[in-house]
Amino acid sequence: MNGQSWIQRRKSRQIMVGNVPVGGDAPIAVQSMTNTDTCDVNATVRQIQALAATGADIVRVSVPTMKAAEAFKEIKKQSPVPLVADIHFDYRIALKVAEYGVDCLRINPGNIGAEERVKAVVDAAKERNIPIRIGVNAGSLEKDLQEKYGEPTPEALVESAYRHIEILERHNFKDYKISLKASDVFMTVSAYRILAKEIDNPLHLGITEAGSFRSGTVKSSVGLGMLLAEGIGDTIRISLAADPVEEVKVGYDILKSLGLRQRGINLIACPSCSRQQFDVIKTVNALEERLEDVNEHLDVAVIGCVVNGPGEAKEVSVGLTGGFKKSMLYQDGEKSHKIANEDLVDELEARIRQQIAEKLAQKDEKTKGAEQLPVEEI
């Protein structure tokens with residue numbers, strides 16, 4: 001596809017979460033969070049591995065107790081991606097997971113107690129180069145802010161964020177990112193817009209408690225889409241009452257739709273109508289399921305008739321235009337051959353995987369060529 005993103009991303013300071021850069025000119029990182037019992041090490045590790053295989057760059061793990069902190073030590077050893085520890089109130093848990101190699105702390109400095117406790121956490125983070133995420137949530141605003149504003153508002157979220165920012169800045173700690181989350185789309189968007197103009201720290205985007213898979217996907221797509229289209233956002237998490245793996249898939253779909261990041265197969269498909277010459281919906285669903293393991297980006301169009309089919313097929317790597325009993329396969333915008341409609345899924349999968357293999361081979365050749373060049377020629 002020739003379409004390019006016109007989005008100009010907000011300039012932000014870059015931090016490192018493990019080996020993943022967040023902010024600056026780094027790709028927008030996709031996150032999720034485990035929903036297993038953290039004390040169940042095996043179950044939590046399995047879920048982290050599944051999230052990583054789906055493309056999660058960073059995974060957050062709730063650490064509510066010291067027992068969970070001990071489990072986190074073992075989880076961290078087996079994790080294929082950087083881990084964020086989600087901690088509230090007990091500063092000792094933050095100190096413990098810092099000792100165990102956590103890649104980022106999700107805390108609110110204002111709710112972990114006295115100044116010396118905050119200093120202890122900040123000092124531990126400084127010593128080990130651990131960034132902190134300030135996480136402001138409309139459902140847990142400070143009581144005095146609730147009284148001041150009467151209800152959660154964008155301004156209340158921002159004021160809460162500044163309280164936590166002031167604490168970290170007072171201790172000369174700069175390595176932090178911020179989230180301002182509400183379940184209300186407009187409240188969330190407004191809060192991020194305000195803060196984005198006033199600071200240069202990376203912003204973690206999300207619509208909190210967005211809902212079930214369908215409604216949460218829609219709400220998150222609308223809210224995050226508005227912000228990302230304005231260039232706001234350095235890392236995202238889609239909050240769904242569903243399998244966390246689905247959060248990662250939706251996150252990538254949002255980024256792909258805006259041209260901000262590409263991963264896996266980009267399936268372009270018609271919604272189908274009485275003109276279709278094969279079962280488009282069944283074909284697309286089967287392809288999507290079979291190709292979930294593909295990480296390399298490729299544009300594929302599956303169109304049920306000749307009205308829009310040829311035009312779409314000419315713009316993609318692999319295209320299919322529906323025809324009576326047999327449908328036309330396009331490769332790199334050119335007609336290739338006809339396929340019997342009963343063989344579409346098998347044939348399309350084979351052609352797609354062939355294209356992917358060729359792309360990877362070309363990348364390998366380029367890499368080998370660069371490695372063989374003298375240093376002064378690279």
Side-chain angles (χ1 to χ4, degrees), residues 1-12 14-33 50-60 81-82 84 133 177-181 185 188-189 192-193 196 202-208 210 213-240 242-269 284 288 291-301 315-317 356 359:
M1 298 292 285
N2 296 320
Q4 294 184 349
S5 175
W6 47 262
I7 295 170
Q8 296 293 317
R9 288 181 60 192
R10 162 184 168 268
K11 292 182 180 180
S12 62
Q14 189 173 97
I15 65 173
M16 295 296 296
V17 179
N19 61 355
V20 175
V22 175
D25 59 357
I28 295 171
V30 177
Q31 302 191 29
S32 185
M33 185 174 183
L51 291 166
T54 310
D57 300 297
I58 300 166
V59 174
R60 182 156 48 114
V81 293
V84 179
R133 172 158 82 90
K177 54 182 176 171
I178 304 164
S179 66
L180 302 163
K181 296 184 181 182
V185 169
T188 302
V189 170
Y192 277 112
R193 283 174 174 166
L203 296 177
H204 168 117
L205 301 189
I207 304 294
T208 194
F213 176 70
R214 188 185 70 181
S215 63
T217 295
V218 172
K219 190 181 288 187
S220 297
S221 299
V222 172
L224 270 61
M226 293 168 71
L227 291 165
L228 292 167
E230 296 173 15
I232 297 170
D234 302 287
T235 181
I236 63 172
R237 189 265 171 116
I238 311 300
S239 298
L240 302 176
D243 185 336
V245 164
E246 299 298 333
E247 298 183 350
V248 179
K249 293 178 183 178
V250 171
Y252 272 102
D253 285 341
I254 292 172
L255 296 178
K256 284 193 287 187
S257 71
L258 293 167
L260 289 168
R261 196 164 174 191
Q262 302 293 347
R263 185 182 191 276
I265 305 300
N266 178 34
L267 267 173
I268 299 155
V284 169
E288 196 168 53
L291 298 168
E292 278 195 341
D293 64 303
V294 175
N295 296 330
E296 189 70 18
H297 172 69
L298 198 75
D299 291 315
V300 176
E315 300 296 328
V316 297
S317 298
I356 292 293
K359 284 187 71 174

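Computed from a predicted model, the values in this text were never measured in an experiment. In what follows, residues are counted from 1 in the order of the sequence shown.
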Side chain to side chain donor-acceptor pair (under 3.5 Å) partners of Asp253, counting only residues at least two apart: none

Inter-residue atom distance Ser32.OG - Arg60.CZ, 0.5 Å rounding: 9.0 Å

Pairwise side-chain contact, Val30 with Thr235, heavy-atom cut-off 4.5 Å (strictly under): no

Non-hydrogen side-chain atoms of Leu180 and Thr188 separated by less than 4.5 Å: no

Closest non-hydrogen atom pair, Ile58 against Ala29: CD1-CB, 4.2 Å

Glu247 CD to Tyr252 OH distance, which is reported to the nearest 0.5 Å: 13.5 Å

Gln14 (side chain) donor-acceptor with Gly23 (main chain) under 3.5 angstrom: yes

Sub-4.5 Å side-chain heavy-atom contact between Val81 and Leu51: no

Test side chain to side chain contact (heavy atoms under 4.5 Å, CB included) applied to Val84 and Val59, step by step: CA-CA 6 Å; Val84 179; Val59 174; over 6 Å; no

Heavy-atom side-chain contact between Gln31 and His204 under 4.5 Å: yes

Least distance between heavy atoms, Leu255 atom then Ile28 atom: CD1-O, 3.8 Å

Donor + acceptor pair across side chains of Asp299, Ser317 (<3.5 Å): no

Heavy-atom side-chain contact between Asp243 and Glu246 under 4.5 Å: yes

Where Val284 and Ala269 come nearest, the two heavy atoms and their spacing: CG2-CB, 3.5 Å

Interatomic distance, Ser221 atom OG to Ile238 atom CD1 [nearest 0.5 angstrom]: 6.5 Å

Arg133 versus Ser179, side-chain donor and acceptor atoms under 3.5 Å: yes

Beyond-backbone contact of Val300 with Ile268, side-chain heavy atoms, under 4.5 angstrom: no

Lys/Arg-Asp/Glu bridge criterion (N-O < 4.0 Å) met for Arg9, Asp25: no

Heavy-atom pair with the smallest gap, counting every atom of Ala26 and Pro21: CB-O, 3.6 Å

Electrostatic pair Arg263-Glu296, nearest N-O below 4.0 angstrom: no

Side chain proximity check, Arg193 to Leu227, heavy atoms < 4.5 angstrom: yes

Exercise: identify the closest heavy-atom pair between Ala210 and Ser220: CB-OG, 3.7 Å

Leu224 CG to Leu258 CG distance, which is reported to the nearest 0.5 Å: 9.5 Å

CG on Leu203 to NZ on Lys177, rounded to 0.5 Å: 10.5 Å

Atom pair CZ (Phe213) and NZ (Lys249), whose distance is rounded to the nearest 0.5 Å: 8.0 Å

Nearest heavy atoms of Leu298 and Lys359, plus distance in Å: CD1-CD, 3.7 Å

Side chain proximity check, Glu288 to Ile265, heavy atoms < 4.5 angstrom: no

